[in-house]
Amino acid sequence: MVYSLTSESFINALKRIVGRRGRVADIYCDNALTFVGANRLLQESKQDFDKMHSSDELGTHCADNGIVFHFNPARSPHFGGLWEAAVKSFKHHLYRVMQTTVLNIDDFNTLLIQVEAVMNSRPLTPRSSEPDDVVALTPGHFIVGEPLVSLPEVDISELPINRLNSFQQMQQRVQHFWQAWSRDYIGQLQNRKKWPVVRPNISEGTLVLMKQDNAPPLSWKLGRIEKIFPGDDGRVRVVTVKTAKNSYRRVQ
């Protein structure tokens, strides 16, 4: 959470990120005055520090640990397509679940961090090719070295808002965000288009993501294709999926 759009507020947020996650080497951003001003202030601070400590060893250390800003061309937001897509998804679903709800700073900051965990828990690729391994790599693995988890909570997503206090409203908004965002994420993975070429069938041993209604936040059900059932035309439409506990037959 950043409390204003000033360069000083951005630098404070950057210090919190470095304190939690380690040194930042590169920052990719647009040409907003907040980022341009922050870059100028950081450069001035580095120059002042170099003047105070002019030894070669210290100078080399500072040069190796400097932060490089990479600015997009002016009026070209499409140059940041990768991170802009994540920002768009975050804002779209956050606006939908927040609506007119007003939270205090503590609850709103907790909401943002939990939403961050939800987005960084999404499966990206299989961790290994072992048939019994049903764990996928997530952004959380690159951040903390393991999958992100959430504390167990009672499902209050359907309770009327007038029966909830501020803390419970925050919990409900997180659950609503999880339901909306995970549903859209799975839908994007299943996007089907008309292609002029025949695509290969799904094969045994493939790691798949299984849609599960009413799953708690950060809970992605994964499984391995155990057996395939081709049709008369040779296309696979029915498979047996093996999870960590059971096996299921699914129609795709």
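Only heavy atoms go into these numbers, but all of them, side chains included; no hydrogens, no water, no symmetry mates. Please read these numbers as outputs of a predicted model, since none were measured by experiment.
- Grouped with V149 in a hydrophobic cluster is no other residue, since no side-chain heavy-atom contact under 4.5 Å to another Ile, Leu, Val, Met, Phe, Trp or Tyr is found.
- F10 is linked by a ring-ring contact (aromatic ring centres under 6.0 Å, His included) to F35, counting only residues two or more places apart in sequence or in another chain.
- In this structure, the side chains of L222 and P123 come closer than 4.5 Å at one or more pairs of heavy atoms.
- Around the CG atom of N214, the shell of radius 6.0 Å holds no more than 12 heavy atoms that belong to other residues, nucleotides or ligands.
- For R249, the CZ atom sits in a loose shell: 12 or fewer heavy atoms of surrounding residues, nucleotides or ligands are nearer than 6.0 Å.
- Remark: T110 OG1 to N104 CG distance equals 8.5 Å, nearest 0.5 Å.
- For the pair P139 and L124, the minimum side-chain heavy-atom distance is below 4.5 Å.
- The main-chain N or O of G205 is found under 3.5 Å from a side-chain atom of R224 such that the two form a donor-acceptor pair.
- A heavy-atom distance below 4.5 Å is not found between the side chains of V208 and V239.
- By the 4.5 Å heavy-atom criterion applied to side chains, V174 and W178 are not counted as neighbours.
- Under the 4.5 Å side-chain heavy-atom criterion for ILVMFWY residues, no single connected hydrophobic cluster contains both L218 and L151.
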Checklist entry - Going through the distances and angles, do S182 and W220 end up as a side-chain contact (heavy atoms from CB on, under 4.5 Å)? => result CA-CA 9 Å; S182 61; W220 303 90; 3.8 Å; yes
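- In the hydrophobic cluster analysis, where Ile, Leu, Val, Met, Phe, Trp and Tyr join through side-chain heavy atoms closer than 4.5 angstrom, V97 is grouped apart from I156.
- At a threshold of 4.0 Å, the pair E116-R21 counts as salt-bridged, since one of the basic side-chain nitrogens sits closer than that to a carboxylate oxygen.
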